[in-house]
K.L.:
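Sending over a structure as structure tokens; questions will come in a sec.
All values reported here derive from a predicted model rather than from experimental measurement.
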Amino acid sequence: MNNILNTNISIEDILSLVTKKKEIKSMELNSALNLYLKIMEPNTRPDTRIYYVVNLNPVFDFFFYHNVKETKDIQQDIIDKYVKYALSKGNKPITINKRIGILQTMLKRLNELNIIDIPSFKYTKIKETKVKIEPVKKEDIKLILKHIDEMKLSHQLMIYLLIGTGIRRNELVNIKTANINFINKSIYLDFTKSGKGRYCYFNDKIESLILKLIEQNKCTNNPYLFAKGDSHIDKQSVSSMLLKLKRDLNIDVLSSHKIRHYYATELLKNGADIYSVKELLGHSDLEMTQRYLDFTNEEIKKNNFKFNPLNNL
């Protein structure tokens with residue numbers, strides 16, 4: 001697909017390609033995607049934008065083959081045909097749902113900016129086979145915290161933030177010192193997977209480590225909490241740190257995503273409502289959060305007796 005992720009193209013250039021018709025506002029599909037990527041650029045990382053392109057490429061290829069070249073041409077029949085075709089080619093429901101979801105998000109965003117009229121089609125997600133996500137074990141989290149004082153300050157803080165907030169690697173490394181509010185004990189995450197900012201919250205232990213790291217970095221003008229040169233450490237540095245910890249402590253399962261799962265499941269097990277967990281994790285819909293519900297039969301039994309309505313009668 002031509003011009004995708006070409007940073008030399010301005011938004012004005014792309015907007016000039018909008019169909020000039022009174023009855024409907026439309027854009028050529030590649031141009032629409034290019035504009036969407038430009039709009040999302042300030043708040044999304046490059047690999048996320050590449051992810052959008054990789055997922056929409058096969059959809060657009062199918063559309064072009066069927067002479068669907070503009071946003072106004074996307075109708076119910078082409079969506080239905082694509083889904084049927086993708087399934088016949090062995091694409092998993094989760095992949096198809098993801099691709100159509102990205103398409104819908106792009107069209108909705110361009111419509112909100114009054115750039116295009118949103119095409120009229122409905123899409124009901126295909127039922128997905130749930131994949132069990134294995135979290136880090138609670139015993140291993142305790143083991144990590146038992147040995148954490150042996151780690152350097154920045155690594156200690158990374159570990160505590162991952163466990164205590166459930167944020168993603170990229171959100172972690174992109175934390176800006178100016179976005180930390182010590183009065184509310186909150187951090188505003190302005191660099192997220194969705195591009196939509198959100199808050200996470202920290203306890204006294206994390207606050208203490210943050211203050212120590214800020215003091216350690218005070219001689220630099222770097223705006224990032226986890227500073228490196230003129231920028232910040234990369235997400236691979238976080239993975240490397242966790243891999244070393246995994247090997248040193250002989251832990252079976254350990255990654256930032258597995259810790260994120262641990263954070264979510266512990267919140268839910270300890271009584272947090274799923275809507276609050278959704279917001280804390282930065283999920284776009286409740287279905288994503290529901291994947292973290294992983295209670296055993298014994299826990300379900302305990303919850304029945306703990307929250308049973310007969311208790312209050």
Side-chain angles (χ1 to χ4, degrees), residues 43-45 48 133 135-138 140-142 144-146 148-149 151 153-218 222-227 232-233 235 237-238 241-242 245 254-295:
N43 297 315
T44 55
R45 56 187 189 265
T48 297
I133 306 172
V136 181
K137 295 177 182 177
K138 193 167 188 176
D140 290 333
I141 292 292
K142 290 180 178 179
I144 291 169
L145 295 180
K146 183 179 179 180
I148 200 167
D149 290 340
M151 304 173 71
L153 178 60
S154 61
H155 286 179
Q156 290 183 42
L157 180 53
M158 286 179 204
I159 292 290
Y160 271 107
L161 281 170
L162 289 172
I163 297 173
T165 67
I167 58 177
R168 301 178 177 93
R169 286 181 304 168
N170 257 315
E171 295 168 344
L172 177 72
V173 300
N174 277 281
I175 291 174
K176 295 183 180 71
T177 304
N179 287 348
I180 302 172
N181 186 318
F182 290 102
I183 296 176
N184 296 328
K185 292 186 181 296
S186 67
I187 302 172
Y188 181 67
L189 305 172
D190 58 4
F191 192 96
T192 64
K193 183 177 180 179
S194 66
K196 180 183 177 181
R198 74 176 192 281
Y199 288 93
C200 68
Y201 304 91
F202 54 84
N203 64 8
D204 292 341
K205 176 62 179 180
I206 292 176
E207 178 181 21
S208 173
L209 292 173
I210 290 175
L211 289 171
K212 288 179 182 178
L213 189 58
I214 290 176
E215 177 67 20
Q216 184 175 293
N217 295 337
K218 70 178 181 180
N222 194 308
Y224 293 100
L225 179 62
F226 297 104
H232 56 75
I233 64 169
K235 63 180 183 180
S237 298
V238 180
M241 179 266 293
L242 291 173
L245 195 59
L254 185 64
S255 69
S256 58
H257 185 68
K258 302 298 186 183
I259 294 176
R260 179 174 164 83
H261 188 191
Y262 170 81
Y263 167 81
T265 53
E266 285 299 304
L267 283 180
L268 292 166
K269 287 178 181 179
N270 290 327
D273 67 273
I274 195 168
Y275 298 99
S276 295
V277 177
K278 169 185 171 294
E279 293 303 313
L280 289 168
L281 292 174
H283 284 163
S284 57
D285 58 64
L286 199 60
E287 186 177 342
M288 296 177 69
T289 313
Q290 287 173 329
R291 294 178 182 175
Y292 289 87
L293 287 169
D294 186 25
F295 298 132

K.L.:
Could you report the tightest heavy-atom contact between Ile167 and Leu162, atom names first, then the distance?
P.N.:
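Closest approach of Ile167 to Leu162: O-CD2, 3.5 Å.
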K.L.:
What are the two closest non-hydrogen atoms of Arg198 and Leu280, and how far apart are they?
P.N.:
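That would be NE-O, 3.0 Å.
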K.L.:
With the threshold set at 4.0 Å, does a side-chain nitrogen-carboxylate oxygen contact exist between Lys212 and Glu215?
P.N.:
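Looking at Glu215 together with Lys212, the answer is no, because their closest N to O distance does not fall below 4.0 Å.
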K.L.:
Has the side chain of His283 got a donor or acceptor atom that lies under 3.5 Å from a matching backbone atom of Thr289?
P.N.:
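Flag set: sc His283 to bb Thr289 pair under 3.5 Å.
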K.L.:
So does Tyr199 have more than 12 non-hydrogen atoms from other groups sitting under 6.0 Å from OH?
P.N.:
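Result for OH/Tyr199: open.
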K.L.:
Is the shortest heavy-atom distance from the side chain of Val173 to the side chain of Phe191 under 4.5 Å?
P.N.:
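Not touching, per the 4.5 Å side-chain cut-off.
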K.L.:
Should we count CZ of Phe182 as having more than 12 external heavy atoms under 6.0 Å?
P.N.:
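Enclosed: over 12 neighbouring heavy atoms sit under 6.0 Å from CZ of Phe182.
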K.L.:
Looking at every heavy atom in both Ile163 and Tyr262, which two are closest together, and how far apart are they?
P.N.:
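Looking at all heavy atoms of both residues, the shortest contact is CG2-CE2, 4.3 Å.
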K.L.:
Find the distance between CG (Leu281) and NZ (Lys193) and round it off to the nearest 0.5 Å.
P.N.:
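Taking CG in Leu281 and NZ in Lys193, the distance rounds to 11.5 Å.
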K.L.:
How long is the gap from OG1 on Thr165 to CD1 on Ile259, to the nearest 0.5 Å?
P.N.:
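The distance works out to 10.0 Å.
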K.L.:
Locate the shortest heavy-atom distance separating Asn184 from Tyr201; write the atom from each residue and the value.
P.N.:
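Shortest heavy-atom separation between Asn184 and Tyr201 comes out as O-CD2, 4.2 Å.
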K.L.:
Of all the heavy-atom pairs spanning Met158 and Leu172, show the shortest one and how long it is.
P.N.:
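Heavy atoms only, the tightest pair is CG-CD2, 3.9 Å.
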K.L.:
How about NZ on Lys137, more than 12 heavy atoms from neighbouring residues, nucleotides or ligands closer than 6.0 Å, or not?
P.N.:
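Result for NZ/Lys137: open.
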K.L.:
Using atom types as modelled and distance alone, determine if a side-chain donor or acceptor of Glu171 lies under 3.5 Å from a backbone N or O of Thr192.
P.N.:
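Absent.
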K.L.:
Could you tell me whether the side chain of Tyr188 reaches within less than 4.5 Å of the side chain of Asn181, counting heavy atoms only?
P.N.:
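Not touching, per the 4.5 Å side-chain cut-off.
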K.L.:
In Å and rounded to the nearest 0.5 Å, what is the CD1 to CG distance from Ile180 to Leu225?
P.N.:
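Here the rounded value is 4.5 Å.
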K.L.:
Does the side chain of Ile187 come within less than 4.5 Å of Leu161's, by heavy atoms?
P.N.:
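Heavy-atom side-chain distance check passes, below 4.5 Å.
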